[in-house]
Amino acid sequence: MSKPIIRREALTAYRRWEPSAFGAAVPEAQPAAAVPDPEAVLAAAEARARAREEARQAAEDAARLAGHEAGYAAGYAEGVAAGHAAGAEQVAAASAALQALAVGWRDAFQAVDTAMADSVLDLALQFSQMLVRQALAVQPERLLPVVEELLREASEAQRPATLRLHPDDVALVREHLGGDCELAGWTLFADANVTRGGCLVQTRHGAIDARLETRWQELTRALERATPWMAA
């Protein structure tokens, strides 16, 4: 086996080893850079993505809630306004119905009152007729004040005149007012068509109707009634 050949260039680069001085500071070895763990890097990335997603979801939820609350508030306000309007319409309708009912009751009561008043008035007039006839039958002299009033109000133009009376009243008037009638130029005339208690004055210028039926018609007309005088 042949020996290796040592070149000159290699010898030139040779340097003799010399031991270092004892106690000299030896430089500390620098720790090698830590190699990142792939699983930890992946977990951190997932955590950051999850945090971003949660933040986005929370923002969306907050926006949705705000929109829902705003919409609810607007809808509630519209509902309240619509409810108030509907309530006001219902109250107005109920008030109108009650008012119409009240007017109807008032009109009904007025109609009943009017009917009752009319009935009572008619009954009173009928009763009055009966009382007048009875009074004249018992006290025929009630005719005398009527004749006296006609004589006082008679004017010169009403002379001469004819005083028509029921036959039963002629003697009564002649007895009590015969002289006054002569002075006034009035002639007494018995007329069976004149109801007892009344009289009729006839002159050349007209007539003064003081018959009982006529005076009764004037009374009922003043009371806005048309109750005729019923003959006995």
Quick check: closest heavy atoms across [X] and [Y], and the distance to 0.1 Å?
X: Gly197; Y: Asp169; value: N-OD2, 3.0 Å
X: Ala190; Y: Pro167; value: CB-CA, 4.0 Å
X: Val146; Y: Arg142; value: CG2-O, 4.3 Å
X: Ala154; Y: Trp186; value: CB-CZ2, 3.6 Å
X: Cys199; Y: Leu150; value: SG-CD1, 3.6 Å

Could you tell me the separation between the [atom1] atom of [X] and the [atom2] atom of [Y], rounded to the nearest 0.5 Å?
X: Glu148; Y: Asp180; atom1: CD; atom2: CG; value: 7.5 Å
X: Leu183; Y: Leu151; atom1: CG; atom2: CG; value: 9.5 Å
X: Thr162; Y: Arg164; atom1: OG1; atom2: CZ; value: 6.5 Å

What residues, two or more places apart in sequence or in another chain, satisfy side chain to side chain contact (heavy atoms under 4.5 Å, CB included) together with Leu188?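 Partners of Leu188 by the side chain to side chain contact (heavy atoms under 4.5 Å, CB included) criterion, ordered by chain and then number, come out as Leu163, Leu165, Val170, Val173, Arg174, Cys181.
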Taking atom CD of Glu53 as the centre, report whether more than 12 heavy atoms of other residues, nucleotides or ligands fall under 6.0 Å from it.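 Result for CD/Glu53: enclosed.
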Please walk me through it: do Leu136 and Thr195 pass side-chain contact (heavy atoms from CB on, under 4.5 Å)? CA-CA 11 Å; Leu136 290 175; Thr195 304; over 6 Å; no
Gln129 and Trp229: side-chain contact (heavy atoms from CB on, under 4.5 Å), yes or no, with the steps? CA-CA 7 Å; Gln129 284 191 30; Trp229 178 264; 3.5 Å; yes
Is Glu141 reaching over with its side chain to a backbone N or O of Leu172, donor-acceptor style, under 3.5 angstrom? no
Residues forming a salt bridge (Lys or Arg N to Asp or Glu O under 4.0 Å) with Asp168, sequence neighbours excluded: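 Listed in chain order: Arg196.
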What residues join Phe189 in its hydrophobic cluster, counting side-chain heavy atom gaps under 4.5 Å, either direct or through other members?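 ILVMFWY cluster around Phe189 holds nothing else.
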Would you say Arg152 and Glu149 make side-chain contact, with heavy atoms under 4.5 Å?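 A side-chain contact exists here, since the closest heavy-atom pair is under 4.5 Å.
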According to a hydrophobic-cluster definition based on side-chain heavy atoms being under 4.5 Å apart (Ile, Leu, Val, Met, Phe, Trp, Tyr only), do Trp216 and Leu212 belong together?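 Yes, it is one cluster - the side chains of Trp216 and Leu212 are joined through contacts under 4.5 Å.
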Give a yes or no on whether Ile208 and Leu144 share a hydrophobic cluster (residues Ile, Leu, Val, Met, Phe, Trp, Tyr; joining criterion: side-chain heavy atoms under 4.5 Å apart). yes
